[in-house]
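Shown next, in C-alpha coordinates, is the structure this report addresses.
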Amino acid sequence: MLDTFKHKGLRDRLYRELVQKGITDEAVLEAIRTVPRHLFVEGVFAEEAYLDKALPIASGQTISQPFTVAYQSQLLQLKPKMKVLEVGTGSGYQAAILCKMGMRVFTVEFDRRLFLDARHLLEEQGCEAKTHLGDGSLGWPTYQPYDRILVTAASPVIPDTLRQQLCIGGRMVIPLGNRDTQRMTTVTRIDKNEYRTETLHEFKFVPLRGKYGFEEGA
Ligand code: SAM
(Lines give C-alpha, C1' and ligand atoms only; values in the text may rest on other atoms or scores of the structure.)
Protein backbone atom coordinates (compact mmCIF):
# COMPACT_ATOMS: atom_id res chain seq x y z
CA MET A 1 0.00 0.00 0.00
CA LEU A 2 1.18 3.52 -0.79
CA ASP A 3 1.77 6.42 1.56
CA THR A 4 -0.24 9.24 -0.02
CA PHE A 5 -0.80 12.95 0.68
CA LYS A 6 -4.11 11.94 2.22
CA HIS A 7 -2.29 9.72 4.73
CA LYS A 8 0.17 12.52 5.48
CA GLY A 9 -2.72 14.89 6.11
CA LEU A 10 -4.33 12.40 8.47
CA ARG A 11 -1.04 12.06 10.34
CA ASP A 12 -0.80 15.85 10.71
CA ARG A 13 -4.26 15.78 12.24
CA LEU A 14 -3.26 12.95 14.60
CA TYR A 15 -0.16 14.96 15.57
CA ARG A 16 -2.35 17.92 16.57
CA GLU A 17 -4.74 15.64 18.48
CA LEU A 18 -1.85 14.18 20.50
CA VAL A 19 -0.55 17.68 21.30
CA GLN A 20 -4.04 18.55 22.58
CA LYS A 21 -4.02 15.39 24.70
CA GLY A 22 -0.82 16.50 26.39
CA ILE A 23 2.07 14.93 24.46
CA THR A 24 4.93 17.45 24.48
CA ASP A 25 8.02 15.50 23.33
CA GLU A 26 8.70 16.95 19.90
CA ALA A 27 10.82 13.96 18.76
CA VAL A 28 7.97 11.57 19.62
CA LEU A 29 5.38 13.75 17.86
CA GLU A 30 7.58 14.06 14.79
CA ALA A 31 7.97 10.27 14.60
CA ILE A 32 4.18 9.83 14.83
CA ARG A 33 3.84 12.37 12.02
CA THR A 34 6.30 10.42 9.86
CA VAL A 35 5.68 6.68 10.36
CA PRO A 36 2.87 5.32 8.12
CA ARG A 37 0.67 3.58 10.73
CA HIS A 38 -1.76 2.40 8.05
CA LEU A 39 0.90 -0.06 6.84
CA PHE A 40 1.00 -1.73 10.26
CA VAL A 41 -2.73 -2.53 10.51
CA GLU A 42 -4.73 -5.23 8.76
CA GLY A 43 -6.67 -4.49 5.51
CA VAL A 44 -10.09 -3.22 6.57
CA PHE A 45 -8.73 -1.40 9.59
CA ALA A 46 -6.26 0.66 7.53
CA GLU A 47 -9.09 3.18 7.08
CA GLU A 48 -9.04 3.81 10.83
CA ALA A 49 -5.26 3.89 11.19
CA TYR A 50 -5.13 7.61 12.01
CA LEU A 51 -7.92 7.63 14.56
CA ASP A 52 -6.59 7.64 18.10
CA LYS A 53 -7.63 4.10 18.89
CA ALA A 54 -6.19 0.62 19.35
CA LEU A 55 -6.97 -1.72 16.44
CA PRO A 56 -7.00 -5.51 16.05
CA ILE A 57 -4.00 -7.23 14.45
CA ALA A 58 -3.40 -10.95 13.83
CA SER A 59 -3.51 -13.61 16.58
CA GLY A 60 -6.11 -11.73 18.66
CA GLN A 61 -3.63 -8.98 19.58
CA THR A 62 -3.78 -5.19 19.13
CA ILE A 63 -1.73 -2.33 17.82
CA SER A 64 -1.72 0.16 20.70
CA GLN A 65 -3.62 3.44 20.50
CA PRO A 66 -1.38 6.24 19.12
CA PHE A 67 -1.78 8.18 22.39
CA THR A 68 -0.47 5.15 24.31
CA VAL A 69 2.49 4.76 21.93
CA ALA A 70 3.30 8.46 22.30
CA TYR A 71 2.78 8.44 26.09
CA GLN A 72 5.03 5.41 26.64
CA SER A 73 7.67 6.76 24.24
CA GLN A 74 7.65 10.13 26.01
CA LEU A 75 7.96 8.47 29.42
CA LEU A 76 11.07 6.65 28.24
CA GLN A 77 12.91 10.04 28.08
CA LEU A 78 14.86 8.95 25.03
CA LYS A 79 18.10 10.35 23.72
CA PRO A 80 19.49 9.48 20.26
CA LYS A 81 21.25 6.13 19.85
CA MET A 82 19.99 4.66 23.12
CA LYS A 83 19.64 0.87 23.26
CA VAL A 84 15.95 0.14 23.72
CA LEU A 85 14.41 -3.27 24.38
CA GLU A 86 10.75 -3.57 23.48
CA VAL A 87 8.74 -6.50 24.88
CA GLY A 88 5.77 -7.15 22.55
CA THR A 89 6.63 -6.30 18.93
CA GLY A 90 2.99 -6.82 17.83
CA SER A 91 2.54 -5.02 14.51
CA GLY A 92 6.02 -3.47 14.66
CA TYR A 93 4.64 0.09 14.77
CA GLN A 94 6.13 1.06 18.13
CA ALA A 95 9.48 -0.37 17.05
CA ALA A 96 9.29 1.73 13.86
CA ILE A 97 8.58 4.85 15.95
CA LEU A 98 11.65 4.13 18.10
CA CYS A 99 13.79 3.53 15.00
CA LYS A 100 12.56 6.79 13.49
CA MET A 101 13.64 8.52 16.71
CA GLY A 102 17.18 7.23 16.15
CA MET A 103 17.20 4.47 18.77
CA ARG A 104 18.97 1.11 18.54
CA VAL A 105 15.93 -1.13 18.83
CA PHE A 106 15.71 -4.72 20.08
CA THR A 107 12.21 -6.13 20.04
CA VAL A 108 10.84 -9.48 21.21
CA GLU A 109 7.53 -11.09 20.23
CA PHE A 110 5.94 -14.25 21.66
CA ASP A 111 3.65 -15.02 18.72
CA ARG A 112 5.26 -16.53 15.61
CA ARG A 113 2.90 -15.06 13.05
CA LEU A 114 3.19 -11.53 14.45
CA PHE A 115 6.95 -11.90 14.71
CA LEU A 116 7.25 -12.93 11.04
CA ASP A 117 4.88 -10.20 9.78
CA ALA A 118 6.51 -7.46 11.84
CA ARG A 119 10.03 -8.50 10.87
CA HIS A 120 9.08 -8.35 7.21
CA LEU A 121 7.37 -4.97 7.55
CA LEU A 122 10.19 -3.42 9.55
CA GLU A 123 12.71 -4.57 6.95
CA GLU A 124 10.52 -3.18 4.18
CA GLN A 125 10.35 0.16 5.98
CA GLY A 126 14.13 0.26 6.33
CA CYS A 127 14.03 -0.01 10.15
CA GLU A 128 17.15 -1.65 11.47
CA ALA A 129 15.47 -3.10 14.55
CA LYS A 130 16.75 -6.46 15.77
CA THR A 131 13.77 -8.79 16.11
CA HIS A 132 13.47 -11.95 18.17
CA LEU A 133 10.83 -14.65 18.62
CA GLY A 134 10.61 -15.65 22.27
CA ASP A 135 9.41 -14.89 25.76
CA GLY A 136 10.13 -11.21 26.30
CA SER A 137 9.26 -11.45 30.00
CA LEU A 138 12.76 -12.95 30.19
CA GLY A 139 14.17 -9.96 28.30
CA TRP A 140 16.79 -10.55 25.62
CA PRO A 141 19.98 -11.36 27.55
CA THR A 142 22.22 -11.48 24.44
CA TYR A 143 22.27 -7.70 24.02
CA GLN A 144 21.91 -6.50 27.63
CA PRO A 145 22.25 -4.06 29.29
CA TYR A 146 19.67 -1.69 27.81
CA ASP A 147 19.31 2.05 28.39
CA ARG A 148 15.56 1.67 28.18
CA ILE A 149 13.03 -1.17 28.35
CA LEU A 150 9.48 -0.78 27.12
CA VAL A 151 6.83 -3.40 27.89
CA THR A 152 3.76 -3.11 25.66
CA ALA A 153 1.58 -5.78 27.31
CA ALA A 154 -0.07 -5.86 30.76
CA SER A 155 2.23 -7.35 33.37
CA PRO A 156 1.24 -8.77 36.79
CA VAL A 157 4.74 -8.08 38.19
CA ILE A 158 7.92 -6.19 37.36
CA PRO A 159 10.01 -9.14 36.11
CA ASP A 160 13.34 -9.21 37.89
CA THR A 161 14.91 -10.49 34.68
CA LEU A 162 13.97 -7.20 33.00
CA ARG A 163 15.15 -4.99 35.87
CA GLN A 164 18.50 -6.71 35.78
CA GLN A 165 18.91 -6.06 32.06
CA LEU A 166 18.72 -2.29 32.64
CA CYS A 167 21.88 -0.15 32.71
CA ILE A 168 22.59 1.74 35.92
CA GLY A 169 20.63 4.94 35.32
CA GLY A 170 18.40 3.06 32.88
CA ARG A 171 14.62 3.27 32.82
CA MET A 172 11.79 0.85 32.17
CA VAL A 173 8.17 1.68 31.30
CA ILE A 174 5.70 -1.12 32.06
CA PRO A 175 1.90 -1.34 32.48
CA LEU A 176 1.47 -3.09 35.81
CA GLY A 177 -1.72 -4.57 37.22
CA ASN A 178 -4.31 -7.27 36.64
CA ARG A 179 -5.92 -8.42 33.37
CA ASP A 180 -8.54 -5.69 33.48
CA THR A 181 -6.60 -2.53 34.28
CA GLN A 182 -3.04 -1.53 34.74
CA ARG A 183 -1.14 1.52 35.94
CA MET A 184 1.68 2.79 33.81
CA THR A 185 4.78 2.35 35.91
CA THR A 186 8.33 3.61 35.50
CA VAL A 187 11.29 1.84 37.05
CA THR A 188 14.66 3.61 37.25
CA ARG A 189 17.77 1.66 38.12
CA ILE A 190 19.63 3.88 40.58
CA ASP A 191 22.39 1.44 41.45
CA LYS A 192 23.20 -2.26 41.18
CA ASN A 193 20.50 -3.23 43.66
CA GLU A 194 18.48 -0.03 43.96
CA TYR A 195 15.45 0.87 41.88
CA ARG A 196 12.96 3.73 42.05
CA THR A 197 9.39 3.02 41.00
CA GLU A 198 6.76 5.56 40.04
CA THR A 199 3.10 4.78 39.37
CA LEU A 200 1.14 6.86 36.85
CA HIS A 201 -2.11 6.76 34.86
CA GLU A 202 -4.47 3.85 34.26
CA PHE A 203 -4.44 1.92 30.96
CA LYS A 204 -5.73 -1.33 29.50
CA PHE A 205 -3.33 -3.59 27.59
CA VAL A 206 -3.56 -7.16 26.32
CA PRO A 207 -1.95 -9.58 28.81
CA LEU A 208 1.73 -10.40 28.85
CA ARG A 209 2.31 -14.14 28.41
CA GLY A 210 5.37 -16.20 29.22
CA LYS A 211 7.15 -16.99 32.48
CA TYR A 212 6.44 -13.70 34.28
CA GLY A 213 3.17 -12.95 32.49
CA PHE A 214 -0.39 -14.13 33.05
CA GLU A 215 -0.06 -17.34 31.02
CA GLU A 216 2.94 -19.58 30.52
CA GLY A 217 1.85 -21.07 27.19
CA ALA A 218 1.40 -19.59 23.73
N1 SAM B 1 3.98 -2.72 20.46
C2 SAM B 1 2.97 -3.29 19.61
C3 SAM B 1 2.72 -2.52 18.37
O4 SAM B 1 3.34 -1.46 18.17
O5 SAM B 1 1.89 -2.98 17.56
C6 SAM B 1 1.68 -3.56 20.33
C7 SAM B 1 1.81 -4.63 21.31
S8 SAM B 1 0.36 -5.52 21.73
C9 SAM B 1 -0.51 -4.35 22.69
C10 SAM B 1 1.15 -6.64 22.89
C11 SAM B 1 2.06 -7.65 22.24
O12 SAM B 1 2.79 -8.33 23.24
C13 SAM B 1 1.31 -8.72 21.45
O14 SAM B 1 1.79 -8.76 20.15
C15 SAM B 1 1.65 -10.00 22.19
O16 SAM B 1 1.73 -11.13 21.37
C17 SAM B 1 2.98 -9.65 22.80
N18 SAM B 1 3.39 -10.45 23.96
C19 SAM B 1 2.64 -10.94 24.97
N20 SAM B 1 3.40 -11.61 25.84
C21 SAM B 1 4.68 -11.54 25.38
C22 SAM B 1 5.93 -12.04 25.84
N23 SAM B 1 6.04 -12.75 26.96
N24 SAM B 1 7.03 -11.79 25.10
C25 SAM B 1 6.95 -11.07 23.95
N26 SAM B 1 5.79 -10.57 23.46
C27 SAM B 1 4.67 -10.79 24.17
Side-chain angles (χ1 to χ4, degrees), residues 14 28 31-32 35-42 45-46 48-50 52-76 84-101 103 105-122 125 127 129-143 146 148-162 165 172-177 179-182 184 203-218:
L14 179 61
V28 171
I32 298 261
V35 175
R37 187 173 187 255
H38 64 283
L39 302 182
F40 291 84
V41 297
E42 302 254 299
F45 294 105
E48 299 178 46
Y50 297 109
D52 188 21
K53 60 189 224 183
L55 294 169
I57 54 175
S59 304
Q61 300 299 317
T62 54
I63 176 172
S64 301
Q65 182 183 343
F67 176 78
T68 306
V69 172
Y71 181 85
Q72 287 198 295
S73 303
Q74 177 165 288
L75 273 182
L76 284 171
V84 184
L85 172 68
E86 180 193 23
V87 176
T89 315
S91 66
Y93 176 69
Q94 171 77 71
I97 291 284
L98 295 170
C99 286
K100 187 56 73 183
M101 291 178 71
M103 303 305 135
V105 181
F106 302 79
T107 181
V108 185
E109 174 54 53
F110 201 66
D111 179 275
R112 176 174 292 276
R113 171 159 176 211
L114 289 173
F115 161 74
L116 291 172
D117 288 354
R119 184 176 64 175
H120 178 71
L121 201 48
L122 287 167
Q125 292 294 304
C127 301
K130 284 197 186 302
T131 54
H132 178 59
L133 175 65
D135 178 4
S137 78
L138 303 173
W140 191 354
T142 316
Y143 294 103
Y146 301 96
R148 299 290 186 260
I149 297 179
L150 172 60
V151 181
T152 67
S155 183
V157 292
I158 300 170
D160 211 38
T161 41
L162 292 185
Q165 288 175 34
M172 168 163 42
V173 173
I174 179 168
L176 198 61
R179 282 170 178 276
D180 295 326
T181 58
Q182 306 87 40
M184 199 63 78
F203 283 83
K204 178 162 175 58
F205 283 76
V206 294
L208 183 72
R209 289 171 288 170
K211 184 159 184 206
Y212 296 105
F214 290 97
E215 303 147 27
E216 279 259 1

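All values derive from a computational prediction rather than experimental measurement. Both counts, for ligands and for their atoms, begin at 1 and track the order of listing.
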Check your understanding: Do the two ring centres, one from Y50 and one from H38, sit under 6.0 Å apart?
Key -> yes
Review point. To the nearest 0.5 Å, how far apart are OG in S64 and NZ in K53?
Key: 14.5 Å
Review point. Closest heavy-atom contact between S137 and L208?
Key: CB-CD2, 3.9 Å
Review point. Who are the ring-ring contact (aromatic ring centres under 6.0 Å, His included) partners of F45, not counting sequence neighbours?
Key: none
Practice item. Using the six-membered ring wherever Trp is involved, compare the ring planes of F205 and F203 and label them parallel, tilted or perpendicular (cut-offs 30° and 60°). Key: tilted
Polar pairs, ligand 1 vs protein, N/O only, below 3.5 Å.
unit_1   : atom_1 : unit_2 : atom_2 : d
ligand 1 : 1 (N)  : E86    : OE2    : 2.9
ligand 1 : 1 (N)  : G88    : O      : 3.0
ligand 1 : 1 (N)  : T152   : OG1    : 3.3
ligand 1 : 4 (O)  : Q94    : N      : 3.0
ligand 1 : 5 (O)  : S91    : N      : 3.0
ligand 1 : 5 (O)  : S91    : OG     : 2.6
ligand 1 : 14 (O) : E109   : OE1    : 2.8
ligand 1 : 14 (O) : E109   : OE2    : 3.4
ligand 1 : 16 (O) : E109   : OE2    : 2.5
ligand 1 : 16 (O) : R209   : NH2    : 2.9
ligand 1 : 20 (N) : R209   : N      : 2.8
ligand 1 : 23 (N) : D135   : OD1    : 2.9
ligand 1 : 23 (N) : R209   : O      : 2.8
ligand 1 : 24 (N) : G136   : N      : 2.7
ligand 1 : 26 (N) : F110   : N      : 3.3

Practice item. Answer with yes or no whether the side chains of Q61 and S91 bring together a donor and an acceptor at under 3.5 Å. Key: no
